2 protein chains.
Amino acid sequence: MTVEESETAARMFKALGDPVRLRLFSAVASHPGGEACVCDISDVGVSQPTVSHHLKKLKEAGLLLSERRGTWVYYRVAPSVLAAMGQILATTPSAA
Amino acid sequence: MTVEESETAARMFKALGDPVRLRLFSAVASHPGGEACVCDISDVGVSQPTVSHHLKKLKEAGLLLSERRGTWVYYRVAPSVLAAMGQILATTPSAA
DNA sequence: CGTCAACATAGACAGCTATCGAAGCAGTGC
DNA sequence: GCACTGCTTCGATAGCTGTCTATGTTGACG
């Protein structure tokens, strides 16, 4: 594992290394249609600006994408992340 | 995803959310025999006390186990983590 | 144009964290 | 018992982070 690889992967792990962000990511990933607007998932126990802050971090880490449609902003899991999950399932020998 | 679940999982992600720790974990996991002594993996670009500090964090997160044998201390991936990996491979539908 | 709702940004602050050098502890071997 | 090696712990410090309140921005609707 190279230094560069470890830094990219660590950035993603780090983004998921907060309970609030993990619940937000999980909520987006498991939402019907594969996407959710902020108002759908902002009931995680912190204030609205804090939710926005965490979603920004998840976006910066490359885990989520956002798109504005009218008044609402919709978030969905980045395709590259889904691809990475598929990659893991395809390349892992049997069960570690 | 419950609050409790998210906190446990986030603790593990957070532990892997540092490039140095990720390389250490990777080095242990990919080492012949499934275990490695500190001297085998401590070439990650930081001082030796810092390596020890990171290994402690990985142990506290439940990702690694350590065992002293004579002068050396050996680290290996925790069985529960290996089991969790197997679980993911077994329960994930196809490719996310 | 004015108002309202949905999100984002700015600024501040307490708490955590990664890192180091120095010192301590545990075994080995002479 | 003494010195040496491998690793951990201690103490200090600079930098990051999660949270809040207050304020901006963007679009919808009369």
Side-chain angles (χ1 to χ4, degrees), chain A residues 1 3-4 6-28 31 33 35-76, chain B residues 1 3-4 6-28 31 33 35-76:
Chain A
M1 171 172 258
V3 171
E4 198 173 335
S6 70
E7 283 177 354
T8 302
R11 226 179 304 132
M12 292 194 176
F13 281 125
K14 188 175 187 178
L16 293 176
D18 181 279
V20 172
R21 279 199 295 267
L22 194 52
R23 288 204 297 282
L24 286 172
F25 181 80
S26 169
V28 170
H31 209 263
E35 62 181 11
C37 86
V38 180
C39 58
D40 286 334
I41 57 176
S42 56
D43 188 20
V44 288
V46 294
S47 70
Q48 181 271 323
T50 302
V51 169
S52 191
H53 165 73
H54 283 310
L55 287 172
K56 186 181 182 181
K57 285 291 187 79
L58 287 168
K59 225 173 80 174
E60 286 173 354
L63 291 168
L64 293 181
L65 297 177
S66 69
E67 182 191 352
R68 174 159 214 142
R69 287 209 289 276
T71 306
W72 302 275
V73 176
Y74 289 83
Y75 281 84
R76 58 194 160 85
Chain B
M1 169 172 259
V3 172
E4 198 174 336
S6 70
E7 284 176 355
T8 302
R11 226 178 306 133
M12 293 194 174
F13 281 125
K14 188 175 187 179
L16 293 176
D18 181 281
V20 172
R21 279 200 294 268
L22 194 52
R23 287 204 297 281
L24 286 172
F25 181 81
S26 170
V28 170
H31 209 261
E35 61 180 12
C37 86
V38 180
C39 57
D40 287 333
I41 58 176
S42 55
D43 188 20
V44 288
V46 293
S47 70
Q48 188 273 325
T50 301
V51 169
S52 191
H53 165 74
H54 284 309
L55 287 172
K56 187 180 182 182
K57 284 292 185 79
L58 287 168
K59 225 172 80 173
E60 287 173 354
L63 290 168
L64 292 181
L65 297 177
S66 70
E67 182 191 353
R68 173 156 214 144
R69 286 209 291 276
T71 306
W72 302 276
V73 176
Y74 288 84
Y75 281 83
R76 57 195 159 85

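Reminder, nothing fancy here: chain letters follow the sequence lines and each chain counts from 1. Since the structure is predicted, the reported quantities are computational estimates derived from the model, not experimental observations.
Look at CH2 on A:Trp72: it is 17 Å from P on C:dC4, rounded to the nearest Å. Atom CG in B:Asp43 sits about 14 Å away from atom P in D:dG6, given to the nearest Å. The distance between atom CZ of A:Arg23 and atom C1' of D:dG18, rounded to the nearest whole Å, is 13 Å. Counting to the nearest Å, the C1' atom of D:dC16 and the CD atom of A:Glu60 are 14 Å from each other. The distance between atom CD of B:Glu67 and atom P of D:dG6, rounded to the nearest whole Å, is 19 Å. The CZ atom of B:Arg68 sits 11 Å away from the C1' atom of C:dT28 (whole-angstrom rounding). In this structure, the CG atom of A:Leu24 is 13 Å from the C1' atom of D:dG18, given to the nearest Å. To the nearest angstrom, P of C:dT17 lies 12 Å from CZ of B:Arg11.
One finds no side-chain N or O of B:Ser52 lying less than 4.0 angstrom from the OP1 or OP2 phosphate oxygen of D:dC7. Look at A:Arg21 and you'll find a side-chain N or O under 4.0 angstrom from OP1 or OP2 of D:dG18. At C:dA6, none of the side-chain N or O atoms of A:Thr71 fall inside 4.0 Å of OP1 or OP2 (strictly under the cut-off). Taking side-chain N and O atoms only, B:His53 has no distance below 4.0 Å to OP1 or OP2 of D:dC7. Applying the 4.0 Å criterion to OP1 and OP2 of D:dT17, one finds that A:Lys14 has a side-chain N or O inside that range. Taking only side-chain nitrogens and oxygens, A:Lys57 comes nearer than 4.0 Å to OP1 or OP2 of D:dG18. Applying the 4.0 Å criterion to OP1 and OP2 of D:dG6, one finds that B:Tyr75 has every side-chain N and O outside that range.
Positionally, the nearest nucleotide of DNA chain D for B:Thr50 lies more toward the 5' end than for the other of A:Gly70 and B:Thr50.
When distances are taken from the side chain of A:Pro49 to each of C:dA8, C:dA18, D:dT26, the shortest belongs to C:dA8. Taking only side-chain atoms of B:Ser47, from C-beta outward, the nucleotide of C:dC20, D:dT19, D:dG27 with the closest atom is C:dC20. Here C:dA8 is the nucleotide among D:dC7, C:dC20, C:dA8 with the atom lying nearest to any side-chain atom of A:Gln48. Closest approach to the A:Val38 side chain among C:dG27, C:dT19, C:dA8 is made by C:dA8 (side chain taken as heavy atoms from C-beta onward).
Under a 3.5 Å cut-off, the side chain of B:Arg69 and the backbone N or O of B:Tyr74 do not form any donor-acceptor pair. Formation of a donor-acceptor pair under 3.5 Å by the B:Thr8 side chain with backbone atoms of B:Glu4 is found in this model. Remark: the backbone N or O of A:Ala15 is paired with a side-chain donor or acceptor of A:Arg21 at under 3.5 angstrom. Of the possible polar contacts, none joining the B:Arg23 side chain to the B:Phe25 backbone as a donor-acceptor pair under 3.5 Å is found.
Residues A:Ala36 and A:Ile41 come closest through the heavy atom pair CB-CG2, 3.8 Å.
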